[in-house]
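Read the structure below first, then the notes.
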2 protein chains.
Amino acid sequence: MNKQIENESNYSASKYRTPDGVPADIIIFTIASEERAGTKKSLPMRELQVMLIQRKRWPFEGKWALPGGFCDEFESMEDCARRELEEETGVRDVHMEYCNVYSAPGRDPRGWMISHSFVALVNEAKLKDRRAADDAADVRLFPVSAAQNMELAFDHNQVLEDALAHIRQKMLTTTIAKAFLPEEFTVSELYQVIQTVVPEFADQNFLRKITSTQSRKGIIEEVLGANGERKMSNRYSQRAAQLYRFTGYKPQLSLYS
Amino acid sequence: MNKQIENESNYSASKYRTPDGVPADIIIFTIASEERAGTKKSLPMRELQVMLIQRKRWPFEGKWALPGGFCDEFESMEDCARRELEEETGVRDVHMEYCNVYSAPGRDPRGWMISHSFVALVNEAKLKDRRAADDAADVRLFPVSAAQNMELAFDHNQVLEDALAHIRQKMLTTTIAKAFLPEEFTVSELYQVIQTVVPEFADQNFLRKITSTQSRKGIIEEVLGANGERKMSNRYSQRAAQLYRFTGYKPQLSLYS
DNA sequence: GAAATAGTGTCTATGAGACAGTATACG
DNA sequence: CGTATACTGTCTCATAGACACTATTTC
């Protein structure tokens with residue numbers, strides 16, 4: 001295709017070598033929970049998983065890769081990523097954020113490709129229907145630890161590492177845990193989600209700190225029932241636990257104060 | 001130019017409409033300090049400034065814009081940004097970080113352009129020589145507050161706002177203040193730098209906190225002279241102040257613990 | 001001695017960290 | 001009655017936040 005750009009001067013972008021494509025790649029994370037065998041009421045095992053697709057074409061035919069696709073002229077990179085995300089998972093209204101750009105020369109054998117990575121955090125509940133519908137062999141969720149040890153297409157191993165570092169940092173400094181939780185959740189669930197993403201995270205007094213310390217009070221709030229009584233859940237425990245929800249309040253972290 | 005990509009299949013990127021360019025735009029911040037008139041030894045006035053260039057060509061001829069330029073096939077976006085940065089300012093080895101991508105359709109009248117913004121933090125000392133050399137009328141530092149009120153080319157007002165938000169956040173959560181400071185600095189200088197970037201920042205006990213609280217101890221350290229005595233400076237004060245340097249240690253901030 | 005910056009003393013309320021103890025309900 | 005989760009009590013030490021106070025040097 002020969003590009004002609006009409007404009008008011010003699011400028012023409014077609015004088016220059018231009019990129020062969022600007023793809024978006026999406027790192028779709030979800031947390032899979034599995035009931036522990038034996039006990040009924042107990043906290044589930046949780047595992048961070050990432051969605052990969054198996055390539056059917058050159059290049060990297062047969063290899064697993066992050067889902068993605070090319071941006072077209074009439075959409076933004078973000079639109080493109082959301083479109084791809086919906087095609088791959090069937091879900092909308094999902095937490096997605098821009099992560100990084102990959103532009104090293106030679107990173108894509110098809111030509112000069114500037115790839116943009118987006119991280120999507122999808123609640124497993126939203127993914128369930130879809131998973132049943134087409135359990136295609138070429139689209140699968142892998143435990144992140146497994147994906148890290150696979151040889152992925154392109155520079156996708158690096159993209160995955162960067163994305164992981166990105167969400168680990170965000171998990172601790174923002175309230176993105178919300179994306180992996182139901183609207184109403186218990187403190188243990190929140191704790192588990194954080195630990196699933198950031199395994200090093202540990203805090204004996206977590207419950208007390210998140211609910212009772214002044215500086216953090218306001219991040220989550222107790223859910224109340226119709227009559228003003230506190231709403232509880234005993235999904236995971238004999239003793240019912242208080243349900244909480246995020247408030248939207250986000251304290252500003254600082255090194256210096 | 002008609003693109004032909006040789007490869008082992010019948011894939012050809014040239015079948016698709018491709019972008020007309022992938023520019024990098026650089027938001028070059030510096031902190032200008034000015035001695036206060038009258039008093040000799042006193043803390044200078046500091047002001048956050050941003051570098052703009054005046055466009056000579058369509059589009060937006062005559063308007064001020066962020067410096068930037070097109071990426072070529074044999075460099076990464078980061079390389080491109082560093083190249084442009086050096087062309088514009090003559091400096092290397094500067095703190096620069098990737099900020100965001102701008103891809104809204106129609107954002108550039110020349111065609112389909114996916115722009116990548118980089119934030120550079122340049123110490124005014126490094127900029128001084130250059131500024132004297134060519135004080136070109138079409139490249140200037142503006143106070144950020146002035147730039148915000150100008151009508152910049154393209155979507156550069158938005159790019160600037162995003163970059164500002166980016167460095168404000170980073171200023172409080174990382175040690176990028178380092179980029180605006182000499183190797184050895186006083187606590188007051190550090191405090192001033194933070195305040196210049198984040199005007200809301202205020203902390204009566206700053207000195208004590210940064211030097212004496214366990215959780216933060218290790219971010220900066222006292223500079224010692226040859227004989228192990230503490231190195232002081234009285235550049236800004238009658239009473240000499242302890243000099244500090246950054247250690248490289250970066251505590252991990254967390255909402256939850 | 002006034003001015004300007006640097007730094008310390010001290011008090012109170014809050015929070016971190018650790019560990020033991022109690023509460024609830026199911027099987 | 002054991003077990004798994006959900007909390008609460010309590011102790012110690014560190015920190016935040018506020019405000020007054022002292023220290024050093026120059027003009």
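Throughout, protein chains are lettered first and strands after them, A, B, ... in sequence-line order, and every chain is numbered starting at 1. Since the structure is predicted, the reported quantities are computational estimates derived from the model, not experimental observations.
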Problem set entry | All side chain to side chain contact (heavy atoms under 4.5 Å, CB included) counterparts of A:R245, not counting sequence neighbours |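 Expected list: A:E184, A:E221, A:V223.
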Problem set entry | side chain to side chain contact (heavy atoms under 4.5 Å, CB included) partners for B:M45, two or more places apart | B:R36
Problem set entry | Counterpart residues, side chain to side chain donor-acceptor pair (under 3.5 Å), relative to A:S33 (two or more places apart) |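 For A:S33 the side chain to side chain donor-acceptor pair (under 3.5 Å) partners, ignoring immediate neighbours, are A:E124.
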Exercise. By side chain to side chain donor-acceptor pair (under 3.5 Å), which residues pair with B:Q204, not counting sequence neighbours?
Worked result: none
Seminar exercise, completed: Here the salt bridge (charged side-chain N to carboxylate O under 4.0 Å, His left out) pairs for residues 156-172 of chain B, sequence neighbours left out, are B:E97-B:K170
Return the value, rounded to whole Å, for the distance between atom [atom1] of [X] and atom [atom2] of [N].
| X | N | atom1 | atom2 | value |
| --- | --- | --- | --- | --- |
| A:R230 | C:dT24 | CZ | P | 12 Å |
| B:E189 | C:dG7 | CD | P | 12 Å |
| B:Q192 | C:dT5 | CD | C1' | 11 Å |
| B:Q238 | C:dG1 | CD | P | 17 Å |
| A:I210 | C:dG15 | CD1 | C1' | 14 Å |
| A:Y236 | C:dC26 | OH | C1' | 17 Å |
| A:E35 | D:dT5 | CD | P | 12 Å |
| B:R235 | C:dA4 | CZ | P | 19 Å |

For this session: Check every atom of C:dA6, D:dC7, D:dT5 against the side chain of A:A241 and return the nucleotide holding the closest atom.
Result: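 Closest nucleotide among those given: D:dC7.
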Problem set entry | Nucleotide-resolved protein contact map, nucleotides 13-22 of chain D, B/S/- at heavy-atom distance under 4.0 Å | --SSBBB---
Exercise. Would you call A:R83 and A:E87 a salt bridge, using N to O less than 4.0 angstrom?
Worked result: yes
